[in-house]
Q: 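Let me begin by handing over the structure; questions about it come next.
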Amino acid sequence: MRTLVIAGIVILLLGIVGPQAFYTVDETQFALVTRFGEIKQVNTSPGLRGKTPFVDSVTYLDRRLLRVDMPPSTLPDQDQQFLTIDAYTRYRTIDPKKFFEKLGSKTNAADRVGRIVSSLLREEVGKINRTEIIGGIVDEETGVVTPMNTRIELLERVRAASDLAVKSTLNDFGIEIVDVRMKRADFPDAVAQNIFTRMRSERDKLAKGFRSEGDKTKLEIESDVDRLRAIILAEANKQSNIIRGEGEARAIEIFASALEQDPEFFAFQRSLEAYKKFLESDATLVLSSESELFKYLENPAGLGSSPGE
Amino acid sequence: MTLGVLVVAAFLWLATGVYSVSPGEESVLRFFGKATGSGGPGLHWHWPAPIGTRNVESVQQVRTMELGFTTRGSVASPVSEEALMITGDLNIVDVQMVVQYRISNLKNFLFNVDDPGEAARGRLGGRPDGRTLKDATEAALRLVVGQRSVDGILVSEKEQMQADTEALLQQILDSYSAGIQVLTVRLLEVKPPDDVRDAFDDVLRARQDQDTRVNEAKAYREDILPRAEGEAAQMVNLAEAFKAERVAKAEGEASRFLAVLTEYRKSKEVTRRRLYLEAMEEILPGVTKFLVSPEAGGSLLQFLPIGPDPSSPASAAP
């Protein structure tokens, strides 16, 4: 029974005194030991540490890369065009003592650092125009965007200036500014509707262009087709007339060379043919009884066929 | 008895220090806050809390971060303040992207970067792969989009944008020594904002209309030109036919004439007479004939009709 009591007392004492006499410093932390507000010890390496129980207190500081998210702010550029810029900063504590003395806590640090970076950002944004901040230069004619590194350069200037500012003798926060980035650089909400209207009008312009380009090509092709068609037909017409002419000429030549053999007989024969054709049944023919045809009509002997007999 | 209880309690406490590391996982161990090493797969023991701390995480698992939308369950809903961004030619586009990554260095991942944001959003338990990665991704993507024209972004430069975003994102994360390796950056959807969607669609339709016009014109050409060529060939062929016909006819008639002429020359007078009479024979039966005798005065008023006279049959007497 006595041993149990003793053991209980020992465990109780350990439980009360242990956490007061020892503390651990994590890999992600710095530890500051203060006695009545006075810094006694700065621990920058992790591990188990001892301190005077009940008198010393420990303050932990984050040694990791910390983030300060600055509220989005609408800033004017060189040409007084506004952009809503949402940026963040990354800083790291390099001197925990200074940090503790000047800033005290992460929340306070975020506030102070945020204000310094924001004002430097505002200053730099006011020096260039918004397309350079957004990332490229637009060719008004072709709409081609030439990429620029101006945003990165601007942010690096802000970072360097912020770093100088937090390390200046006035501030001397014991931190370094590692990075400043823009998450967003957008049009302010108030002008978003105007942007949409402009985008719409640009698209309408493009659409009209495509359509009229199509009509143009169509008219070009179709009129060209009509032209070709006219040429083809005219050419064919010419060709066929030449051929017909050749045919007729050849026919005349052939006829002529045959008929020249006996023109008189041709005239005779052709006349008979012609008579057959034009003396149709409704024709009336007046004939002389003395014609060759009626030679035997009144004079069967065929003698003295002279008129007046 | 009491000692026994204490020993058992101590043993149970020590037993909680047993842990296993699966393949693909890594462990980082801390002894009173100080990193003492990391271990590979297997069954291990390390001091339990509050003396020791251990973190076991997969370093091969592909993790995913969404930008521009969130998936709750299987429903994806857009997050427009992330998705809408400005292009180099001052247009606005709506982008939804997924970043796949893994923890490449667990020590750096745990010790180097803080991450309050993602914890506040109730995701991933406040690990640095949340807000840090999100911030860097937004910064990288928006710069990449800002360096391009809206047409390039919407139409042709998706692959290049993914590559550029990935490179820039990795560069930012490396500058933080965040212990994160970006595996892929995938643009899921790149589209015009809903407010102007119809205008962009109309441009696409206009392109189609343009192609339609050109096709119509080409169809017209295909329709008209072969026809015209056919018509032309027809005209030429008809002419050729006419020529051949004319020549053949002429040759036929000429040789017929020559044949007749040959025979005619053999007995001119008789043939001539015969031809004449035959022709008359053929002609005269069909026509109304008046025979006029020169002795009777030779005047046409004194003609003698031969053959039936349809008007006055009585006048047939001489």
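Every chain is numbered from 1 and lettered A, B, ... according to where its sequence line falls, protein lines coming before strand lines.
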Q: Going through the distances and angles, do B:Ile92 and A:Asp186 end up as a side chain to side chain contact (heavy atoms under 4.5 Å, CB included)?
A: CA-CA 9 Å; B:Ile92 295 172; A:Asp186 284 343; over 6 Å; no

Q: Return the minimal non-hydrogen interatomic distance between A:Ala185 and B:Ile86, and the atom names on each side.
A: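 Shortest heavy-atom contact: O-CG2, 3.1 Å.
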
Q: State, yes or no, whether a side-chain contact exists between B:Leu90 and A:Thr131 at a heavy-atom distance under 4.5 Å.
A: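 Side chain of B:Leu90 against side chain of A:Thr131, heavy atoms only: contact under 4.5 Å found.
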
Q: How close do A:Ala258 and B:Leu258 get, counting heavy atoms only, and between which atoms?
A: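 So the two residues come closest at O-CD2, 3.7 Å.
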
Q: Measuring from atom CZ of B:Arg246 to atom CD1 of A:Ile254, what distance do you get when rounded to the nearest 0.5 angstrom?
A: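 One finds 11.0 Å between CZ of B:Arg246 and CD1 of A:Ile254.
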
Q: Rounded to the nearest 0.5 Å, what's the gap from CD on B:Glu138 to CE on A:Met182? Could you check?
A: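 It is 14.0 Å, given to the nearest 0.5 Å.
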
Q: Check the pair A:Gln269, B:Leu261 against side chain to side chain contact (heavy atoms under 4.5 Å, CB included), reporting the backbone distance first and the verdict last.
A: CA-CA 10 Å; A:Gln269 203 197 23; B:Leu261 184 65; over 6 Å; no

Q: Output every pair passing salt bridge (Lys or Arg N to Asp or Glu O under 4.0 Å) with a member in residues 225-234 of chain B, not counting sequence neighbours, ordered by first then second residue.
A: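 Every pair satisfying salt bridge (Lys or Arg N to Asp or Glu O under 4.0 Å) with a residue in residues 225-234 of chain B: B:Asp223-B:Arg227.
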
Q: Less than 4.0 angstrom from a charged side-chain N to a carboxylate O is my criterion; do A:Arg211 and B:Asp209 meet it?
A: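 B:Asp209 and A:Arg211: salt-bridged.
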
Q: Between B:Arg142 and A:Arg151, what is the shortest heavy-atom contact and its length?
A: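 Residues B:Arg142 and A:Arg151, closest heavy atoms: O-NH2, 3.7 Å.
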
Q: For the interface with chain A, which of B:Leu84, B:Leu277, B:Asp151 has the highest count of heavy-atom pairs at distances below 4.5 Å?
A: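 Top count of heavy-atom pairs under 4.5 Å with chain A: B:Asp151.
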
Q: Heavy-atom distance under 4.5 Å to chain B: side chain of A:Arg49, backbone, both or neither?
A: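 Answer is neither: A:Arg49 stays 4.5 Å or more from chain B.
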
Q: Considering only heavy atoms and a distance below 4.5 Å, find which of B:Gln208, B:Glu245, B:Glu253, B:Arg272 pairs most often with chain A.
A: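 Looking at each of B:Gln208, B:Glu245, B:Glu253, B:Arg272 in turn, B:Arg272 comes out on top.
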
Q: Find the one option among B:Val144, B:Ile51, B:Asp89 whose heavy-atom pairs under 4.5 Å with chain A are most numerous.
A: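 Most heavy-atom pairs within the cutoff with chain A belong to B:Asp89.
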
Q: Evaluate the side-chain proximity of B:Arg30 to A:Thr24: yes if any heavy-atom separation is below 4.5 Å, no if none is.
A: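 Side-chain contact under 4.5 Å: no.
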
Q: What do you reckon, is CG of A:Asn194 surrounded by more than 12 foreign heavy atoms closer than 6.0 Å?
A: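 For A:Asn194, atom CG is crowded (more than 12 foreign heavy atoms under 6.0 Å).
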
Q: Please look at B:Pro193 and chain A and tell me whether the side chain, the backbone, both or neither of the residue comes under 4.5 angstrom of a heavy atom of that chain.
A: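 Only the side chain of B:Pro193 comes within 4.5 Å of chain A.
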
Q: Considering only heavy atoms from C-beta outward, does the side chain of B:Ile283 approach that of A:Lys276 to under 4.5 Å?
A: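 In contact.
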
Q: By a 4.5 Å heavy-atom criterion (distance strictly below it), what part of A:Arg181 contacts chain B: side chain, backbone, both, or neither?
A: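 Looking at A:Arg181, just its side chain touches chain B.
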
Q: Among B:Asn112, B:Val247, B:Val145, who wins on heavy-atom pairs under 4.5 Å with chain A?
A: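 Between B:Asn112, B:Val247, B:Val145, the count favours B:Asn112.
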
Q: Between A:Asp224 and B:Arg221, is there a side-chain N and carboxylate O pair less than 4.0 Å apart?
A: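 No.
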
Q: Minimum heavy-atom separation for B:Asp135 to A:Arg90, with atom names?
A: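 B:Asp135 and A:Arg90 have their closest heavy atoms at OD2-NH2, 4.3 Å.
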
Q: I'd like to verify something: which residue of A:Thr217, A:Leu233, A:Leu48 has the highest number of heavy-atom pairs under 4.5 Å with chain B?
A: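 Sorted descending by pairs with chain B, the first entry is A:Leu48.
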
Q: Do you know which of A:Ser201, A:Ala236, A:Ser257 has the most heavy-atom pairs with chain B at a distance under 4.5 angstrom?
A: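 Ranked by contacts with chain B, first place is A:Ala236.
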
Q: Salt-bridge test for A:Arg200 and B:Asp198: reply yes if a basic N is under 4.0 Å from a carboxylate O, no otherwise.
A: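 Salt bridge between A:Arg200 and B:Asp198, a charged N being under 4.0 Å from a carboxylate O: yes.
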
Q: Would A:Asp226 and B:Tyr220 satisfy side chain to side chain contact (heavy atoms under 4.5 Å, CB included), going step by step from the backbone distance to the final call?
A: CA-CA 10 Å; A:Asp226 290 342; B:Tyr220 180 73; 2.5 Å; yes

Q: Could A:Arg63 and B:Asp114 be called an ion pair, given the rule that one side-chain N must be under 4.0 Å from one carboxylate O?
A: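 Result for this pair is no, no salt bridge flagged.
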
Q: Using a cut-off of under 4.5 Å for heavy-atom pairs, which of B:Ala244, B:Ala250, B:Pro192 has the most such pairs with chain A?
A: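 Of the options given, most contacts go to B:Ala250.
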
Q: For A:Gln193, is it the side chain, the backbone, both or neither that has a heavy atom under 4.5 Å from a heavy atom of chain B?
A: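 Contact with chain B: side chain only.
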
Q: Measuring heavy-atom distances to chain B, does A:Glu220 have an atom under 4.5 Å in its side chain, in its backbone, in both, or in neither?
A: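 When you check distances to chain B, no heavy atom of A:Glu220 falls under 4.5 Å.
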
Q: If you count heavy-atom pairs under 4.5 Å with chain B, which of A:Gly136, A:Ala251, A:Gly209, A:Gly47 comes out on top?
A: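 Most heavy-atom pairs within the cutoff with chain B belong to A:Gly47.
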
Q: Quick one: pull up CD1 in B:Ile224 and CD in A:Glu222 and give me the separation to the nearest 0.5 Å.
A: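 CD of A:Glu222 is found 9.0 Å from CD1 of B:Ile224.
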
Q: Where does A:Phe187 contact chain B at under 4.5 Å (heavy atoms): side chain, backbone, both or neither?
A: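 Interface part for A:Phe187: both.
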
Q: How far apart are the C-alpha atoms of A:Glu202 and B:Asn91, what are their side-chain angles, what is the distance that settles it, and do they pass the side chain to side chain contact (heavy atoms under 4.5 Å, CB included) test?
A: CA-CA 10 Å; A:Glu202 280 176 6; B:Asn91 283 280; 3.5 Å; yes

Q: Pick one of side chain, backbone, both or neither for A:Ile152, based on which atoms fall under 4.5 Å of a heavy atom in chain B.
A: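 When you check distances to chain B, only side chain atoms of A:Ile152 fall under 4.5 Å.
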
Q: Who are the ring pair (Phe, Tyr, Trp, His ring centres under 6.0 Å) partners of B:Tyr264, not counting sequence neighbours?
A: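 Scan of B:Tyr264 (ring pair (Phe, Tyr, Trp, His ring centres under 6.0 Å), adjacent residues dropped) gives A:Phe265.
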
Q: Minimum heavy-atom separation for B:Glu240 and A:Ile243, please, with both atom names.
A: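 That would be OE2-CD1, 3.3 Å.
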
Q: Where does A:Phe196 contact chain B at under 4.5 Å (heavy atoms): side chain, backbone, both or neither?
A: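 Contact with chain B involves both backbone and side-chain atoms of A:Phe196.
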
Q: Quick one: which of B:Arg273, B:Lys249, B:Glu278, B:Glu216 has the most heavy-atom pairs under 4.5 Å with chain A, could you say?
A: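 That would be B:Arg273.
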
Q: Looking at every heavy atom in both B:Gln147 and A:Val145, which two are closest together, and how far apart are they?
A: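 Closest heavy-atom pair between B:Gln147 and A:Val145: O-CG1, 3.6 Å.
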
Q: Say you draw a straight line from NZ of B:Lys34 to CG of A:Asp26; how long is it, rounded to the nearest 0.5 Å?
A: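 CG of A:Asp26 is found 11.5 Å from NZ of B:Lys34.
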
Q: Taking side chain as everything from C-beta outward and backbone as N, CA, C, O, which of these in A:Asp69 sits under 4.5 Å from a heavy atom of chain B? Side chain, backbone, both or neither.
A: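 A:Asp69 has no heavy atom closer than 4.5 Å to chain B.
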
Q: Under 4.5 Å between any side-chain heavy atoms of B:Met280 and A:Tyr275, yes or no?
A: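 Yes - at least one pair of side-chain heavy atoms lies under 4.5 Å apart.
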
Q: Less than 4.0 Å between a side-chain N and a carboxylate O, is that true for A:Arg203 and B:Asp202?
A: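 Salt bridge: no.
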
Q: Among A:Val138, A:Ile221, A:Ile134, which has the most heavy-atom pairs under 4.5 Å with chain B?
A: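 Greatest number of close heavy-atom pairs with chain B: A:Ile134.
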
Q: At a heavy-atom separation under 4.5 Å, does A:Ile11 approach chain B through its side chain, its backbone, both, or neither?
A: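 Just the side chain, heavy atoms under 4.5 Å.
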
Q: Counting neighbours of CZ on B:Arg256 that are heavy atoms of other residues, nucleotides or ligands and sit closer than 6.0 Å, is the number greater than 12?
A: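 12 or below, so no.
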
Q: Rounded at 0.5 Å granularity, tell me how far CD in A:Glu27 sits from CZ in B:Phe111.
A: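 Between A:Glu27 CD and B:Phe111 CZ, I get 4.5 Å after rounding to 0.5 Å.
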
Q: Is the shortest side-chain N to carboxylate O distance from A:Lys183 to B:Glu81 below 4.0 Å?
A: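 Between B:Glu81 and A:Lys183 there is no salt bridge, as every charged N stays at least 4.0 Å from the carboxylate O atoms.
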
Q: Given the options A:Leu206, A:Asp86, A:Leu66, A:Thr146, which has more heavy-atom pairs under 4.5 Å with chain B than any of the others?
A: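 Between A:Leu206, A:Asp86, A:Leu66, A:Thr146, the count favours A:Leu66.
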
Q: Rounded to the nearest 0.5 Å, how far apart are CG of A:Asp139 and OG of B:Ser149?
A: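 Separation between the atoms: 11.0 Å.
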
Q: With only heavy atoms counted, which part of A:Tyr23 is less than 4.5 Å from chain B, the side chain, the backbone, both or neither?
A: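 For A:Tyr23, there is no contact with chain B at all, as no heavy atom is under 4.5 Å.
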
Q: Report which part of A:Asp179 has an atom under 4.5 Å of a heavy atom belonging to chain B: side chain, backbone, both, or neither.
A: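 Just the side chain, heavy atoms under 4.5 Å.
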
Q: Could you check which of A:Arg198, A:Arg229, A:Met199 has the highest count of heavy-atom pairs closer than 4.5 Å to chain B?
A: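 The option with the most such pairs is A:Met199.
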
